[in-house]
Amino acid sequence: MQMKGRPVWAEISLKAILHNLRVIRRHVGPHPAILAVVKSNAYGLGSVPISKALQKAGVGWFGVTCTNEGLELREAGIRKRILILTGFWPGEEKRILENHLTPVVTRVDDLRHLERAAKSLRGKFSRSRSRAPFHLKINTGMNRLGISPDEIEAFAATLAACPHIELEGTFTHFASAEDFSARQTDDQETLFRACLARLRALGISPGIVHAANSGAICARPSTWADMVRPGAILYGYFQSFDPPDKGQEVRSRLPIQPSLALRARIISLRDLPAGQSVGYSARFTTARPSRVAVINAGYADGILRQRTNRGCALVRGRRVPLVGAISMDLTALDVTDVPQATLGDVVTIYGRDGNDDIVVSDVAREIGTVTSDLLCALGHRVPRYYL
């Protein structure tokens, strides 16, 4: 990898992401559409290059968090459908429709805002539609966004007074799709189906029905409906399943490949006697004569501070422990057991080196967080190279 300046970089495997897309397509079959979740800069990995590759591979829908994320994709040449998953703030509607983004209604009042914007544009928002399409989010138990089931009738009455917009899709979001030891997801699915039935009874077609996030795609086929929304699994990472046997079953059925490697080079080597402390607050003290390496990467680059004195990196294909407090710009490693280590050696924080690899999802479990937390922590100043 040729680069100038600070020796820390990320390698993003588009090949792995496209492989994962094919795995997901084989798994769910030909019917459900696939909405690629590329919010938060595609989980930190780079929404524009990843979306371009996915669009070329035939993905017809993309999911973003906000209007600005959608506009970034439009400006980069993404012409497929873009759904703004967490809704919109009043005042954004006209910009959303003018740029052919698809808004999500999370409150009944959102309908009136959309109707005013669509009426003012008088069909200019779309070449093929006379009414502006939107998706409806229904809260079935996550209790963050979405209309409540008891608001279905109010939604229907308000929509009837909005002739310039149309319901194109209806969805919900599962709170714990990976947890098979509890009934929450089953209860959410049941409630969602009841809400769809109520819409139909009121003469409203729910349109494209979608509910399945990564966990549900992996192991809940009854939720796949008309469209599925892969996030973490598209990038090659599973969340933690409960019970663990379910996770083993899922991994055997979906041979996805991790797409991120985060690497740096050793910029300092120091031989220390026993009893010497390393880093801020003396969080690590050598118990033996030790050789300590330093890399030019810290928590501003994606090595979370929770990894202080926890976990490993790879040097010359061997695991070496992270030692001392992770600082903003630097991380120390004990390379005593890799005597060949030298200045400039590559250190793999995530990814494969030789016969070993360090996977983001494994690290997430070790420090008690989720995979997407670690992916999104990848710092802005870390250059990404797409392979």
Side-chain angles (χ1 to χ4, degrees), residues 1-26 34 36-59 62-64 69 72-73 76-78 80 214 230-238 251 254-267 295-297 300-303 312-319 331 344-364 371-387:
M1 191 69 64
Q2 299 297 317
M3 67 183 67
K4 295 180 180 179
R6 190 168 177 261
V8 54
W9 68 96
E11 300 164 11
I12 316 298
S13 174
L14 296 176
K15 181 179 178 181
I17 292 170
L18 295 177
H19 164 83
N20 299 337
L21 175 65
R22 292 190 294 270
V23 168
I24 293 165
R25 171 51 73 201
R26 286 196 299 268
I34 291 177
V37 180
V38 293
K39 63 182 182 177
S40 190
N41 196 29
Y43 289 53
L45 303 181
S47 60
V48 167
I50 288 171
S51 296
K52 285 182 174 180
L54 291 171
Q55 179 175 256
K56 187 175 181 180
V59 169
F62 295 89
V64 298
E69 288 185 350
E72 181 184 15
L73 295 185
I78 300 302
K80 298 298 184 178
S214 287
I233 60 169
L234 186 60
Y235 306 111
Y237 303 101
F238 295 110
R251 284 188 286 274
L254 281 85
I256 57 176
Q257 299 173 358
S259 60
L260 170 66
L262 177 59
R263 308 189 199 275
R265 292 187 183 275
I266 294 175
I267 63 168
I295 58 173
N296 215 177
D301 305 289
I303 308 176
C312 298
L314 296 171
V315 174
R316 296 189 175 228
R318 295 184 61 179
R319 290 192 174 229
T331 297
D345 274 0
V346 172
V347 175
T348 298
I349 299 132
Y350 302 129
R352 176 168 289 277
D353 181 5
N355 295 321
D356 202 354
D357 62 352
I358 295 176
V359 181
V360 178
S361 48
D362 293 339
V363 174
T371 304
S372 52
D373 182 20
L374 296 187
L375 294 175
C376 291
L378 191 61
H380 176 73
R381 68 188 183 184
V382 177
R384 280 107 164 127
Y385 295 89
Y386 295 91
L387 311 176

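- To the nearest 0.5 Å, the span separating CZ on Arg6 from CG on Asp301 amounts to 4.0 Å.
- Considering Ile12, Ile17, Leu45 as possible partners of Tyr386, the one that fulfils the side chain to side chain contact (heavy atoms under 4.5 Å, CB included) test is Ile12.
- Here the shortest heavy-atom pairing between Val8 and Pro383 reads O-CD, 3.3 Å.
- Expressed to the nearest 0.5 Å, how far CG of Leu14 lies from CG of Leu21 amounts to 12.0 Å.
- Remark: the backbone N or O of Ser47 is paired with a side-chain donor or acceptor of Asn41 at under 3.5 angstrom.
- For Arg352 (side chain) and Gly317 (main-chain N/O), no donor-acceptor pair under 3.5 Å exists by modelled atom type.
- Inter-residue side-chain proximity for Leu234 and Ile34 is flagged as unmet; no heavy-atom pair is nearer than 4.5 Å.
- Between Leu54 and Leu18, some side-chain heavy-atom pair lies under the 4.5 Å cut-off.
- Taking CG from Asp353 and CG from Leu314, the interatomic distance works out to 5.5 Å, rounded to the nearest 0.5 Å.
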Leu73 and Lys80: CA distance, side-chain angles, deciding distance, side-chain contact (heavy atoms from CB on, under 4.5 Å) verdict: CA-CA 10 Å; Leu73 295 185; Lys80 298 298 184 178; over 6 Å; no
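- The structure places CG of Asp345 at 12.0 Å from CD1 of Ile295, a figure rounded to the nearest 0.5 Å.
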Chi angles and distances behind the salt bridge (Lys or Arg N to Asp or Glu O under 4.0 Å) call for Glu11, Arg263: CA-CA 8 Å; Glu11 300 164 11; Arg263 308 189 199 275; 3.0 Å; yes
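- Across every non-hydrogen atom of Val59 and Ala36, the tightest pair is CG1-CB, 4.0 Å.
- A side chain to side chain contact (heavy atoms under 4.5 Å, CB included) with Tyr350 is found for exactly one of Ile303, Asp362, Val363, namely Val363.
- No donor-acceptor pair closer than 3.5 Å links the side chain of Arg316 to the backbone N or O of Gly354.
- From Ser51, atom OG reaches atom NZ of Lys56 across 14.5 Å, with rounding to the nearest 0.5 Å.
- Summarising the geometry of Ile256 relative to Ile233, their closest heavy-atom pair is CD1-O, 3.8 Å, with the distance given to 0.1 Å.
- Across Ser40 and Glu69, no two heavy atoms sit closer than the pair N-OE2, 3.0 Å.
- The two residues Tyr237 and Ser259 have their closest heavy-atom pair at OH-N, 3.4 Å.
- Of the possible polar contacts, none joining the Glu72 side chain to the Val48 backbone as a donor-acceptor pair under 3.5 Å is found.
- Rounded to the nearest 0.5 angstrom, Ile50 CD1 and Ile78 CD1 are separated by 11.0 Å.
- When every heavy atom of Ala313 is checked against every heavy atom of Ile349, the shortest pair comes out as CB-CA, 4.4 Å.
- A 4.5 Å side-chain heavy-atom check between Tyr235 and Thr371 finds every atom pair outside the cut-off.
- Residues Arg384 and Leu378 form a side-chain contact, since some pair of their non-hydrogen atoms from C-beta on lies under 4.5 Å apart.
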